[in-house]
Structure formats: structure tokens, C-alpha cells
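Taking it in order: structure first as C-alpha cells, then the write-up.
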Amino acid sequence: MTDTELRVSKIQSGTVIDHVSAGEALHVLKLLGIDGTEGTTVSLGMNVPSDRLGRKDVVKVEGRELSDSEAEVLSLIAPEATINIIRDYEVVDKRRVERPEEVGGVLVCPNRECITNAGEPVEPTFAVLDDGLRCEYCGELVREDITAHLRG
Ligand code: CTP
Ligand code: ZN
């Protein structure tokens, strides 16, 4: 996209999550724990034209870099996403998300009896299968929309 076609301004520092599956931007914000009240500066492009994807979403978060576990869960919501780290207006790092064998941290197990929901210091961990996610502690399967099981 040329600068004359830019819909959202460039940012000085932070993370640009580009090539997000069209319509998933709000799920990406939920994944990052951003609801606006924390004061983070965020710019969104939703369903913008993309040569590669037809349509895409773009999420720009200022003053923040993604953690590895956030990037891993992001890969399940937006498998084509590119994570661009911006410093002083320059892209200093560009990564594609990779589908991990396991994800932890930002998802909660839907089984209320699961040890990970008992207030113990146990981080929920899920095996990534072809047809969903499986809780490593209780074996519960998450086959449908994983964004329904995001923490917070
Ligand atoms: N970007 C930004 N602020 C900056 C620099 C870049 O918001 N200071 C955004 C761009 O608008 C783009 C993304 O970060 O959405 C990646 O920038 P760049 O690598 O320059 O763009 P492309 O070459 O088009 O990226 P790709 O090849 O990954 O499509
Ligand atoms: Zn469980």
C-alpha cells in the first residue's frame, strides 16, 4: 500500500499487527487485554483492501510490544498476521506468526472443574490440534471459536 493510500497514520513506536483476518481486529484487542480504559493509544483499520488477502484488518498499538504467548494465540485467530515492531517511525522487526504446538497464558479452560479454574497458581496450557485445542490438565477440547475463551 502506498502512503497516499494509508488509512491510518504511521506510529512512532509500538507494534503494528498487519494482515489480520478481516473482521478479527476486535478479537485481537481482546487478546491483548485492551478495552480502551487503560489509556493505550490504538488505531484500527477494519476490512481495508489488501493485495494479498482481498480484505484485512490492521491493529496499531503504541508504546507496547507483543509477548511470545500473545503472538502464539494471535496465530490461531489471524494465521496470516505480520507483527511489525516500530521504533522511531521505522520497522525494526517484522515477523510472521507461527502456529505453535502449545499455547498458554491468555486462554481459559471452558471446564469449570479444571484445576486451572480453581484459583491455583497453574497456567492454563492447550495442545494445538488440527481440529481445535486440548487442555493439558483436564483434556477438555475447544473446537469452536477460541476467542470466546480469552482471559479477561
Ligand atoms: N507502519 C506504521 N508506522 C510506521 C511504520 C510502519 O504504522 N512508523 C505500518 C505500515 O503502515 C504497515 C506496517 O506497519 O501497515 C508494515 O510497514 P512496512 O513494512 O513499511 O509495510 P509493507 O512493506 O507494506 O509491509 P508488508 O511487506 O509486511 O506488507
Ligand atoms: Zn482444563
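Whatever order the structure lists ligands and atoms in, that order sets their numbers, starting from 1.
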Min N/O separation Lys60 to ligand 1 under 3.5 Å: yes
Ser43 side chain to Thr41 backbone, donor-acceptor under 3.5 Å: no
salt_bridge(Glu72, Arg99) N-O dist < 4.0 Å: no
Under-2.8 Å neighbours of the Zn ion (ligand 2), protein N/O/S atoms only: 4
Shared hydrophobic cluster for Leu74 and Leu32 (ILVMFWY, side-chain gaps under 4.5 Å): yes
Hphob cluster co-occupancy, Val108 + Leu133, side-chain heavy atoms under 4.5 angstrom: no
Heavy atom of His19, distance to ligand 1 below 4.0 Å: yes
Electrostatic pair Glu65:Arg87 at N-O distance under 4.0 angstrom: yes
Under 3.5 Å: donor-acceptor pair, side chain of Asn117, backbone of Cys109: yes
Atoms in ligand 1 flagged as close to Ile86, the criterion being non-hydrogen separation under 4.0 Å: 4 (C), 5 (C), 6 (C), 8 (N)
Nearest non-hydrogen partners of Glu70 and Leu31, listed with the distance: O-CD2, 3.9 Å
Donor-acceptor contact present, side-chain Asp57 to main-chain Asn47, <3.5 Å: yes
Proximal ligand 1 atoms for Asp18, defined as those under 4.0 Å from one of its heavy atoms: 12 (C), 13 (C), 15 (O)
Proximal atoms of ligand 1 relative to Lys10 (non-hydrogen, under 4.0 Å): 2 (C), 3 (N), 4 (C), 7 (O), 8 (N)
Check: Glu90 N/O within less than 3.5 Å of ligand 1 N/O: no
Whether Asp88 side chain and Glu90 backbone form a donor-acceptor pair below 3.5 Å: no
Ligand-side contact atoms (ligand 1) for residue partner Asn84, heavy atom cut-off under 4.0 Å: 13 (C), 16 (C)
Selection from Arg96, Lys56, Glu62, Lys94 by shortest heavy-atom distance to atom 23 (O) of ligand 1: Lys94
Under 3.5 Å: N/O of Ile11 near N/O of ligand 1: yes
Apart from Leu129 itself, residues in the same hydrophobic cluster as defined by side-chain heavy atoms under 4.5 Å: Leu141
